[in-house]
Amino acid sequence: MKKRFARLMALSMAAVMTASLAACGGGGGDSSGDGDGGSDSDGKKEITYWNIGVESPDKDVITKAVEKFNSETESGYTVTSVPTQNDTYKEKLVVAMSSGECPDMYSCWSGGPMYEYIDSGFGQPIDDLFNASDIKDKLMGSAVGQASYNGHIYAVPYQNVSMSGIFYNKEMFEKFKLKEPETLADLEAICDTLKKNDITPFALANSSKWTGSMYYMNLAARYGGLEPFQKAVAGEGKFTDECFIKAGEKIQEWVEAGYFPDGVNSLSEDDGQAKQLMYQETAGMLLCGSWYTGTFATDSAEFYEKIGWFPFPAIEECDVDPSIMIGTVGDQFIVFNCEGEKLKAAFECAEAHLSDEVIDFEVENGKIPPIVGVEDKLTDSVTKEVVEAANNASEIQLWYDQYLPPAVATAHLDGLQEVFGLTKTPQEAQEAMQKAMDDYLANKAE
């Protein structure tokens, strides 16, 4: 009991310190019996489902899946979807858990926070239901791997193959005789050309912090590969390794060169301030997850025709494998906080997210569902490139803020935002992150 309370307190503190530990998607709820939650006190067989589907196309995909379940199920249960905006979702979820409340099913990201939810008793294994289901053979193996923990399957991945990469304005590149870069030096030359023509190279809104982390993760992976990160997490290495310091130093070089918008740390991703710079054509590129294909296509099909994409380029002097990608295979994972017949019904709703009609709807709306052979369904050139990069990747690193324990992720995001603000050196930021890792490992050993 003491350990579970300690976990919940740690999660709650991390959520209060930062509500932006997630790198993807659109928006989740509150599970008390006030209409927001899953109380059956009125005799209704209701399943409450929290998620981040506040904007199209995510909202439409989830709505379609829930409506399919509600109209077809013979379980007697009705699922109620409760969406909340991305940057407040995790805080709300953790606060509910800390007070002993939790929805019957909830969407979250794989990695450290999900494992903490499970360890705290708010996630049930679904091995039997999963192995008896058709989705067992439909999902990509890597997606099932990210849905598993301690030898059991705890979640259903459903939303997207989300890889970090750089979107760019093809018309702008053509106008200034630019081509997709093969190296970091090429990318910096593109940035310099855009700057000379009064165009901000990168559209970035970093008040959410995870958006800036995209740049850092890619740079660290290109400088050092994934081994330094893996060793630091295991306590066999340090987050002050050379590749992490170099990544921070490169970001500060770019800040000083004017590669990012003025006031970058005050701009809001959730309010769409990054994509607006792309739409206004005052910025030429945007580094983010590939869910942006759906965002661009839904907002303006006409503008989306101007969009190209390329993976983060290699660094000339490094012999690191440049096929390494940063991202997730699944993007959103449905976890279950119920048992018996309710769990069976909730799982049935999760299956509806992977039905043929919902998958086809996702593809039509720029999503890349994590299913085997999805490339055969894709007609959009950008999503095809994303899947090709994912299929060719030697390794895929899960986003730091999802993979790391919440307190360590908080230290990473907070310190990195100061690196962008030039108020901390990369060395100082990484020392703070390492201290958070040391504290976590020490507490875990007790």
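Here the structure is a predicted model, which means the values were calculated and not measured. This chain uses plain numbering: 1 for the first residue, then up along the sequence. Basis for what follows: all heavy atoms, side chains included, without hydrogens, waters or symmetry-related copies.
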Compare all side-chain heavy atoms of [X] with those of [Y] and state whether any distance is below 4.5 angstrom.
X	Y	value
V382	F167	yes
P311	M163	no
P83	I62	no
K367	P57	yes
K246	L219	no
T200	L194	no
H353	V156	no
Y77	V79	no

Report task. Determine, for K138 against E351, whether the closest basic-nitrogen to carboxylate-oxygen distance falls under 4.0 angstrom. Result -> no

Query raised in the report: Going by an N to O cut-off under 4.0 Å, is there a salt bridge joining E253 and K250?
Result: yes

Side chain [X], main chain [Y], donor-acceptor under 3.5 Å:
X	Y	value
S213	K209	no
Q417	N206	yes
S164	G289	no
N169	G284	no
E316	A185	yes
S162	T328	no
D271	Q273	no
S208	W210	no
N131	D127	yes
D331	V161	no

Any chance [atom1] of [X] has more than 12 other-residue heavy atoms, nucleotides or ligands included, within less than 6.0 Å?
X	atom1	value
D262	CG	no
F202	CZ	yes
E281	CD	yes
Q230	CD	yes
K344	NZ	no

Query - side chain to side chain contact (heavy atoms under 4.5 Å, CB included) evaluation trace for I371 with K377 - result: CA-CA 10 Å; I371 60 165; K377 291 179 172 285; 4.1 Å; yes

From [X] atom [atom1] to [Y] atom [atom2], the distance as rounded to the nearest 0.5 Å:
X	Y	atom1	atom2	answer
S300	K306	OG	NZ	8.5 Å
Q276	S268	CD	OG	11.5 Å
L187	D192	CG	CG	9.5 Å
D134	K136	CG	NZ	11.0 Å
E364	E362	CD	CD	10.5 Å
Y292	D299	OH	CG	8.5 Å

Check whether the side chains of [X] and [Y] place a donor and an acceptor atom closer than 3.5 Å, and report yes or no.
X	Y	value
D186	T183	yes
S75	E348	no
E180	Y168	yes
N337	Y117	no
D414	T410	no
E418	T423	yes

Where is the tightest heavy-atom contact between [X] and [Y], given as atom of each residue plus distance?
X	Y	value
R222	D321	NH1-O, 4.2 Å
P426	Q252	CD-OE1, 3.3 Å
G212	L204	N-CD1, 3.9 Å
W50	A96	CH2-CB, 3.6 Å
A389	W309	CB-CH2, 3.9 Å
L277	A203	CB-CB, 4.0 Å

**Report entry** side chain to side chain contact (heavy atoms under 4.5 Å, CB included) between I190 and F173, intermediate numbers included
**Finding:** CA-CA 9 Å; I190 290 169; F173 269 45; 3.7 Å; yes

Requested in this report: Determine, stepwise, if the pair W291 / Q159 fulfils side chain to side chain contact (heavy atoms under 4.5 Å, CB included).
Outcome: CA-CA 9 Å; W291 60 81; Q159 193 178 68; over 6 Å; no

Query raised in the report: Do F260 and Y215 have ring centres separated by under 6.0 Å?
Result: yes

Query - Output field: ring centroids Y106/F122 closer than 6.0 Å - result: no

Does the plane of the ring in [X] sit parallel, tilted or perpendicular to the ring in [Y]? Use 30° and 60° as the thresholds.
X	Y	result
Y279	F303	perpendicular
H412	Y216	tilted
Y154	H152	perpendicular

Query raised in the report: Checking side chain to side chain contact (heavy atoms under 4.5 Å, CB included) for the pair N150/I118: CA distance, chi angles, key distance, verdict?
Result: CA-CA 10 Å; N150 283 344; I118 293 166; over 6 Å; no

